[in-house]
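One structure is given below, encoded as structure tokens.
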Amino acid sequence: SILFLFPFFYFKILSIEIFLLIFILIFLISLYLINLYSKRTNTQDSNIIVIDEFIGIFLIFLFYDEIYLYNNFFTIILIFFLFRFFDIIKFFPANLIDKKMLNSLGVILDDIVAAIYTILTLYFINVFIQ
């Protein structure tokens, strides 16, 4: 999803407002479809569901200009590794969301928390090196 989203944000194909609207639309549609899939398969946060990671990466790219470091390659590598780190470790409140919110919102929110941690980490790195 990083390689798919990067050109859209790098070349500023759409305005940030349109990207935000697309993000909200994808988020809402995903809530419905994850719920539908989970009910039909009687599963919770199946490995087949990957739209939550896409939403997390999309959120990070909404802040790309503020978190950009040195060059695009370095920034994308950091986004990938930091997001995966925060998504796997699930620091508070992602750990509670993952355990307590057993619905489609919980599936997405833990990745949004990982995205927010990634954004904050890169933002603070950016502030201290400039």
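Note that these values count all heavy atoms, side chains included, but never hydrogens, waters or copies made by symmetry.
- Linking ILVMFWY side-chain heavy atoms closer than 4.5 Å, directly or via other members, places V50 and F23 in two distinct hydrophobic clusters.
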Please report, to 0.1 Å, the donor-acceptor pairs under 3.5 Å made by any side chain of residues 1-8, with sequence neighbours excluded.
none

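- Applying the side chain to side chain contact (heavy atoms under 4.5 Å, CB included) rule to F73 yields the partners N71, I77; only residues at least two apart in sequence or on another chain are considered.
- Rounding to the nearest 0.5 angstrom, the gap separating the CD1 atom in I119 from the CG atom in N126 is 13.0 Å.
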* To do: Report the C-alpha separation of M101 and L96 in whole Å, then their side-chain angles, then the decisive distance to 0.1 Å, and conclude whether the side-chain contact (heavy atoms from CB on, under 4.5 Å) test is met.
  => CA-CA 8 Å; M101 291 185 73; L96 289 180; over 6 Å; no
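- Scanning all heavy atoms of the two residues, the minimum distance from A115 to G56 falls at CB-O, 3.2 Å.
- Applying the ring pair (Phe, Tyr, Trp, His ring centres under 6.0 Å) test to F85 and every residue at least two apart in sequence or in another chain returns F91.
- Considering only residues two or more places apart in sequence or on other chains, F9 meets the ring pair (Phe, Tyr, Trp, His ring centres under 6.0 Å) condition with F19, F58, F61.
- Residues F86 and I116 have side chains not in contact (no heavy-atom distance under 4.5 Å, counting atoms from C-beta outward).
- Listed by first then second residue, pairs satisfying salt bridge (charged side-chain N to carboxylate O under 4.0 Å, His left out) with a partner in residues 18-28 number zero, not counting sequence neighbours.
- The closest side-chain heavy-atom distance from L82 to Y117 is not below 4.5 Å.
- F92 and L109 sit in two unconnected hydrophobic clusters of ILVMFWY residues. Membership requires side-chain heavy atoms under 4.5 Å apart, directly or through other members.
- Considering OG of S38 and CD1 of I49, their distance stands at 4.5 Å, rounded to 0.5 Å.
- F11 pairs by the ring pair (Phe, Tyr, Trp, His ring centres under 6.0 Å) definition with nothing, not counting sequence neighbours.
- Although no hydrogens or angles enter the test, the distance criterion places no donor-acceptor pair under 3.5 Å between the side chain of T43 and the main chain of S46.
- Taking a 4.5 Å side-chain heavy-atom cut-off between Ile, Leu, Val, Met, Phe, Trp and Tyr, the cluster of L33 extends to L25, I29, Y32, L36.
- D98 pairs by the side chain to side chain contact (heavy atoms under 4.5 Å, CB included) definition with D45, K90, D110, not counting sequence neighbours.
- Scanning for ring pair (Phe, Tyr, Trp, His ring centres under 6.0 Å) contacts around Y37 gives an empty result, with sequence neighbours left out.
- For the atom pair CD1 (I34) and NZ (K39), the distance works out to 13.5 Å, reported to the nearest 0.5 Å.
- Here I55 contributes atom CD1 and I60 contributes atom CD1; the two are 12.5 Å apart, rounded to the nearest 0.5 Å.
- Both F74 and F128 are part of a single hydrophobic cluster, where members link through side-chain heavy atoms under 4.5 Å apart.
- The salt bridge (charged side-chain N to carboxylate O under 4.0 Å, His left out) contacts involving residues 48-77 comprise K12-D65, where partners must be two or more places apart or lie in separate chains.
- Under the 4.5 Å side-chain heavy-atom criterion for ILVMFWY residues, a single connected hydrophobic cluster contains both L122 and V127.
- L31 is linked by a side chain to side chain contact (heavy atoms under 4.5 Å, CB included) to F27, L28, S104, L105, I108, counting only residues two or more places apart in sequence or in another chain.
- The distance from the CD1 atom of I51 to the CG atom of D111 is 10.5 Å, given to the nearest 0.5 Å.
- In this structure, CG in L102 is found 12.0 Å from CD1 in I97, a value given to the nearest 0.5 Å.
- L21 and L59 are members of different hydrophobic clusters when ILVMFWY side chains are connected at heavy-atom separations under 4.5 Å.
- Of the options I22, I16, L20, a side chain to side chain contact (heavy atoms under 4.5 Å, CB included) to I18 is made by I22 and by none of the others.
- Applying the side chain to side chain contact (heavy atoms under 4.5 Å, CB included) rule to T75 yields the partners Y64, Y68, L69, I79; only residues at least two apart in sequence or on another chain are considered.
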